[in-house]
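First comes the structure, then the notes that go with it.
Since this is a predicted model, take the numbers as computed values, not measurements. Numbered from 1 within each chain, the chains take letters A, B, ... in sequence-line order.
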Number of protein chains: 2
Amino acid sequence: MEKNRSDCPISCSLEVFGDKWSLLIIRDIMLRGKVSYGEFLESEEKIATNILANRLSVLEAEGILTKQVSPHNKSKYCYSLTPKGVDLLPIVIEIMDWGARYHKQCPRRELGKRIKKEKAMVIREYLDKLHRDARHAAL
Amino acid sequence: MEKNRSDCPISCSLEVFGDKWSLLIIRDIMLRGKVSYGEFLESEEKIATNILANRLSVLEAEGILTKQVSPHNKSKYCYSLTPKGVDLLPIVIEIMDWGARYHKQCPRRELGKRIKKEKAMVIREYLDKLHRDARHAAL
DNA sequence: ATTAGCACTTGCAAAATGCAAGCAAATATA
DNA sequence: TATATTTGCTTGCATTTTGCAAGTGCTAAT
């Protein structure tokens, strides 16, 4: 683990995921149920292959994701969130809420509308589900 | 305003502040009461002068910050948050909480301990104060 | 055996970051 | 008044990261 810019938790966190792509990958796993490299590549933001590979590698090294060979196909990997990764959910939801409020070109869809109405409940709900999934993936 | 990668609110938000520095500047204003270019330069993370100037310019163009000449010194500028900027607080607090929980080298100080105990209340308290400050700065 | 799927890797160009010196206007000091 | 300091950038250059698109090697399907 390299030397940090400071001991501020915000700074240390931004050193991990303060870029334009990492939290998008986390979003794909948390909110869209994506699990594989190929699925992440298909997202509408069109991440570059080398950036995706690098981000996944860093997130895995940071203990946010784990990577397992698919049960159906030995050349395919499935990524899943660790508990540490799951706990990024409130950040992702807050970013989503802020974005929906201040970006006209980002209309709220179903989930966004629920978040507007009952944010805390949505967060708890997803945290429970994702933490359950994380425990299951660890088996 | 340029073309976005997608209409996902998370993606649009990350296009604005998804970098290693922007939210640190927001932190300095929100949590440390810093207001000037020179003060931001002094933070322990040591942002480069050209990066600071560029980030401030972008955040201002995005309507997150406003910049005014200091009342005491015509060569000095004071930055303050707009309501849009203030509403980044929950994101900053969630990042801080996550960082404190998962980074051993980032011990919780007074505010971090309060956040651990009563996050929602801290957020509401700071939102109220910062929104009041934002209204005052607009005069 | 051939083709397709899969997860990267690679070579290169463009863009961003980081370092440190420089610049011009305003203010403070001698 | 002249000089020094403060202030907020800007600039030149080297390094790093991002983005594009082709390439590679292993596994699976036909």
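Among pairs with a residue in residues 17-28 of chain B, those fulfilling side-chain hydrogen bond (donor to acceptor under 3.5 Å, both in side chains) read B:Asp19-B:Ser22, B:Asp19-B:Arg55, B:Ser22-B:Arg55, B:Arg27-B:Glu45, B:Asp28-B:Ser43, at least two apart in sequence or across chains. Sequence neighbours left out, the pairs with a member in residues 62-99 of chain B that pass ring pair (Phe, Tyr, Trp, His ring centres under 6.0 Å) are A:Phe17-B:Trp98, B:Trp98-B:Tyr102, B:Trp98-B:His103. Residue pairs meeting the ring pair (Phe, Tyr, Trp, His ring centres under 6.0 Å) criterion with at least one member in residues 27-54 of chain B, sequence neighbours excluded, do not occur.
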Under 3.5 Å, which donor-acceptor pairs do the side chains of residues 131-139 of chain B form with other protein atoms, sequence neighbours left out?
from     : atom 1 : to       : atom 2 : distance (Å)
B:His131 : NE2    : B:Asp87  : OD1    : 2.9
B:Asp133 : OD2    : B:Lys129 : NZ     : 2.8

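By the side-chain hydrogen bond (donor to acceptor under 3.5 Å, both in side chains) test, B:Thr66 pairs with B:Ser80, sequence neighbours left out. For A:Glu44, the salt bridge (Lys or Arg N to Asp or Glu O under 4.0 Å) partners two or more places apart in sequence, or in a different chain, are A:Arg32. Residues passing the side-chain hydrogen bond (donor to acceptor under 3.5 Å, both in side chains) test with A:Ser75, sequence neighbours excluded: A:Asn73. With sequence neighbours left out, B:Arg108 forms a side-chain hydrogen bond (donor to acceptor under 3.5 Å, both in side chains) with B:Asp97. Legend: residues meeting side-chain hydrogen bond (donor to acceptor under 3.5 Å, both in side chains) with A:Thr49, ordered by chain and number and at least two apart, are absent.
Looking only at atom types and distance, the side chain of B:Glu60 has no donor-acceptor partner in the side chain of B:Ser57 under 3.5 Å away.
OP1 and OP2 of D:dT5 both lie 4.0 Å or more from every side-chain N or O belonging to B:Lys76. Contact annotation: B:Trp21 side-chain N/O to C:dA16 OP1/OP2 distance is not under 4.0 Å.
Rounding to whole angstrom units, CG of residue A:Leu52 and P of D:dA21 are separated by 17 Å. B:Arg55 has its CZ atom 9 Å from the C1' atom of C:dA16, to the nearest Å. Computed from coordinates, the B:Leu14 CG to D:dT18 P distance equals 13 Å when rounded to whole Å. Between B:Asp19 atom CG and C:dA16 atom P there is a gap of 11 Å when expressed in whole angstrom units. For the pair A:Leu56 CG and C:dA7 C1', the interatomic distance rounds to 10 Å; values are reported in whole Å. At whole-Å resolution of the value, CD1 in B:Ile51 and P in D:dC9 are 14 Å apart. Computed from coordinates, the B:Asn54 CG to D:dT17 P distance equals 18 Å when rounded to whole Å. One interatomic measurement links the two molecules: CG of A:Asn50 to P of D:dG23, which rounds to 16 Å at whole-angstrom precision.
With hydrogens and angles ignored, no donor-acceptor pair closer than 3.5 Å exists between the side chain of A:Thr49 and the base of C:dA7.
The overall bend of the helix from C:dA1-D:dT30 to C:dA30-D:dT1, read as the angle between its terminal helix axes built from five base pairs each, is 10° when rounded to 10 degrees.
By the neighbour-count criterion of 12 heavy atoms within 6.0 Å, atom CZ of B:Arg109 is sparsely surrounded, having that number or fewer from other residues, nucleotides or ligands.
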With 3.5 Å as the limit, what N/O pairs link the protein to nucleotides 24-30 of chain D?
from   : atom 1 : to      : atom 2 : distance (Å)
D:dA28 : OP1    : A:Lys74 : N      : 2.8

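Taken residue by residue, residues 23-47 of chain A places no heavy atom nearer than 4.0 Å to DNA chain D.
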